[in-house]
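Note sheet for the following structure.
From a predicted model like this one, the values you see are computed outputs, not experimental measurements. Quick note on labels: first sequence line is chain A, next is B, and so on, each numbered from 1.
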Number of protein chains: 2
Amino acid sequence: MSQQRHGSTSGNGDRAGAVPAFPDLPEATIARLPEYLRALHNLGEGGADTISSEGLAAAAGVNSAKLRKDLSHLGSYGTRGVGYDVALLIEQIEYVLGLDQRRAVGLVGVGNLGHALAGYDGFASRGFKIVALFDADPAKVGERIHGLVVRHIDELPAVAAEETLAIGVIATPAGAAQAVADELVAAGVTSILNFAPCVLSVPANVDVRKVDLAIELQILSFHEHRKASLTALPGGRSATGAGNQEAVGS
Amino acid sequence: MSQQRHGSTSGNGDRAGAVPAFPDLPEATIARLPEYLRALHNLGEGGADTISSEGLAAAAGVNSAKLRKDLSHLGSYGTRGVGYDVALLIEQIEYVLGLDQRRAVGLVGVGNLGHALAGYDGFASRGFKIVALFDADPAKVGERIHGLVVRHIDELPAVAAEETLAIGVIATPAGAAQAVADELVAAGVTSILNFAPCVLSVPANVDVRKVDLAIELQILSFHEHRKASLTALPGGRSATGAGNQEAVGS
DNA sequence: CGCGATTTGTGCACGCCTTCACAAGCGCCT
DNA sequence: AGGCGCTTGTGAAGGCGTGCACAAATCGCG
Ligand SMILES: NC(=O)c1ccc[n+]([C@@H]2O[C@H](COP(=O)([O-])OP(=O)(O)OC[C@H]3O[C@@H](n4cnc5c(N)ncnc54)[C@H](O)[C@@H]3O)[C@@H](O)[C@H]2O)c1
Ligand SMILES: NC(=O)c1ccc[n+]([C@@H]2O[C@H](COP(=O)([O-])OP(=O)(O)OC[C@H]3O[C@@H](n4cnc5c(N)ncnc54)[C@H](O)[C@@H]3O)[C@@H](O)[C@H]2O)c1
């Protein structure tokens, strides 16, 4: 880690304008950082000043060696014999994840799922703010949800022009998803979270993450199936092997 | 594949009672099977009888070599020079995923998100049926949602006794999630889909998958951050590297 | 001031997954 | 009947991620 960036004054504020161009963190690591962050916040509220890798690993549900290696990738902020400074580590991870600036989210498709998302306070507390809601249904446009007015999808370019949307969320039916994605991309959005069960085609510089509940259920179904086929087999070993806590991140 | 199980009569029904105890498919493969399945259904509705690995791979958003290797793991159902028989492959994958029997899902926590899930028809069309809704709030108990009456969480054991729940879905606040998970496990549920942002502790024979939207957003945020720090750097290569379609599966 | 207890950071080996590249197999056309 | 083009299935190589095990570092105490 060439750039040490150690928060000398403990508080924030010394973050230089020019971002240091990241060492390429392993994808697997960055997928776990949010989990560490959540665990740290819990621990912090619990009054802990420092936490050992063992403790944090347990709270995040991972192996302690993995956790240490992950953290080592973003430059070492632990103290041997003591552990990690909770506040400092929170600050570090938030910085790496780009959460020091609150990211603006635009949500397209205010149906069943969209409604739930729009009203979810878990976004605000984790660094995001839904700043705009869009739908194509005239009956929905104008509706007020949690302080936001639903706007017509055609207004997307205008809205994006006045407030940069960091992330676009697609909660429309699958048939409309690709068109919506195209419009988001045209409006300058380079990160998309897609709830529609379909593959999106986007330019190479745009990141798409997909959440498909049916897929999750089907994976569970497979394991059910497998477990069922094992019930009448040799030693019913329960220890060795599969059975556990798979996070959704890639 | 020792057991060929070739659907001779094309329809279903010849599935012998004793399941053949699976070759251990790579975890990565089973996480992609649902995606292939969805793509196949789309193609089938489009009127295709057969599909090449190239075509199916494109529809599912993966590399064609990867797709072939995945499918080869479950015994080859393709024809060289022609491709895969769409109907047969659908049947195959559904069998492997255990979707030939419709799985009963119990949903706990009928709040914002729970409501949306309860009303989602995408489950039914993909092999699942929500058979019970639970909540702890007396104000919610008794409410009728999409033909199902919300029952009190205390009734879970009774309900589970009369209808086996294959999968439990947790959509309660994080604070209640562990308790709910314990109750599900006690009721005999061995697969859990968890929407609450917390780590669940369960016995080794229970599978847990987690969906955390904030984590997805934070991962996107990281890439935004990284991209932003790269704008003013050497050759703005857009081809090489990250930027794309990461599925939610492990 | 030195020693032991504790905990981080990491070298290393192993296994999984991805990807390339190609031989083997299949159907169609002549 | 034979050849040609197309597509599958897979061997092999390389890369990535995980987890062990341990040296280095720090703190607290006698
Ligand atoms: N409801 C769930 O629990 C759930 C779960 C998993 C996945 N999903 C997926 O999420 C998506 C939304 O689900 P839902 O249940 O909210 O569906 P929905 O039909 O209730 O809502 C879809 C909304 O999108 C709007 N819309 C349609 N085309 C549009 C367009 N071109 N531009 C803007 N808005 C448009 C519709 O007007 C509607 O309000 C679907 O793809 C569904 O498969 C939903
Ligand atoms: N709403 C969203 O879009 C969204 C998005 C991502 C994650 N989540 C997560 O999903 C969970 C639910 O979110 P929500 O917005 O629906 O919250 P909510 O408060 O609207 O609903 C929670 C429901 O759970 C019920 N409940 C509480 N304790 C219970 C118990 N012990 N047993 C049974 N039921 C109990 C409550 O009565 C309530 O009806 C939360 O953990 C949230 O973080 C929600």
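Distances from the side chain of A/S72 to the nucleotides C/dT10, C/dT19, D/dG19 place C/dT10 closest. The side chain of A/R68 lies closest to C/dT10 when the candidates are C/dC20, C/dT10, D/dT18. For A/A28, counting side-chain heavy atoms from C-beta on, the closest listed nucleotide (C/dT8, D/dG19, D/dT18) is D/dT18. Of the candidate nucleotides D/dG11, C/dT8, C/dT10, D/dG11 has the atom nearest to the side chain of B/K69. Nearest nucleotide to the side chain of B/S52, out of D/dT8, D/dG19, D/dG17: D/dT8.
Note: OH (A/Y77) to P (D/dT26) measures 16 Å, nearest angstrom. Here D/dG17 presents its C1' atom at 15 Å from CG of A/D24, a figure rounded to the nearest Å. Following rounding to the nearest Å, A/K66 (NZ) and D/dG17 (C1') show an atom-to-atom distance of 8 Å. In this structure, the CD atom of B/E54 is 8 Å from the P atom of D/dT8, given to the nearest Å. Between the CG atom of B/D70 and the C1' atom of C/dT19 there is a distance of 12 Å, given to the nearest Å. Rounded to a whole Å, the CG atom of B/L67 is 15 Å from the C1' atom of C/dC17. Between the CG atom of B/D85 and the P atom of D/dT7 there is a distance of 16 Å, rounded to whole Å. The nearest whole Å value for the distance from the CG atom in A/L33 to the C1' atom in D/dG17 is 15 Å.
Residues B/L88 and B/Y77 come closest through the heavy atom pair CD2-CD2, 3.8 Å. Scanning both residues, A/A166 and A/V189, for their nearest heavy atoms gives O-CG1, 4.4 Å. Heavy atoms only, all atoms of each residue included: B/P34 and A/I215 are closest at CB-CG1, 3.7 Å. Scanning both residues, A/P197 and A/D212, for their nearest heavy atoms gives CB-OD2, 3.3 Å.
Here salt bridge (Lys or Arg N to Asp or Glu O under 4.0 Å) pairs that include residues 38-55 of chain B, with residues two or more places apart or in two chains, are B/E35-B/R38. Evaluation of the salt bridge (Lys or Arg N to Asp or Glu O under 4.0 Å) test over residues 58-78 of chain A, restricted to residues two or more places apart or in two chains, returns A/R32-A/D70.
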Check: Yes or no on side-chain hydrogen bond (donor to acceptor under 3.5 Å, both in side chains) for A/E224 and B/T190, after CA distance, side-chain angles and deciding distance?
Finding: CA-CA 7 Å; A/E224 275 304 305; B/T190 53; 2.5 Å; yes
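Contact between the side-chain N/O atoms of A/S53 and the OP1/OP2 oxygens of C/dT8 is found at a separation under 4.0 Å. For A/N63 and D/dG17, the shortest distance from a side-chain N or O to OP1 or OP2 is not below 4.0 Å.
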Its contact letters, B for base, S for sugar-phosphate only and - for none at protein heavy atoms under 4.0 Å, make nucleotides 23-30 of chain C read -BBSS---
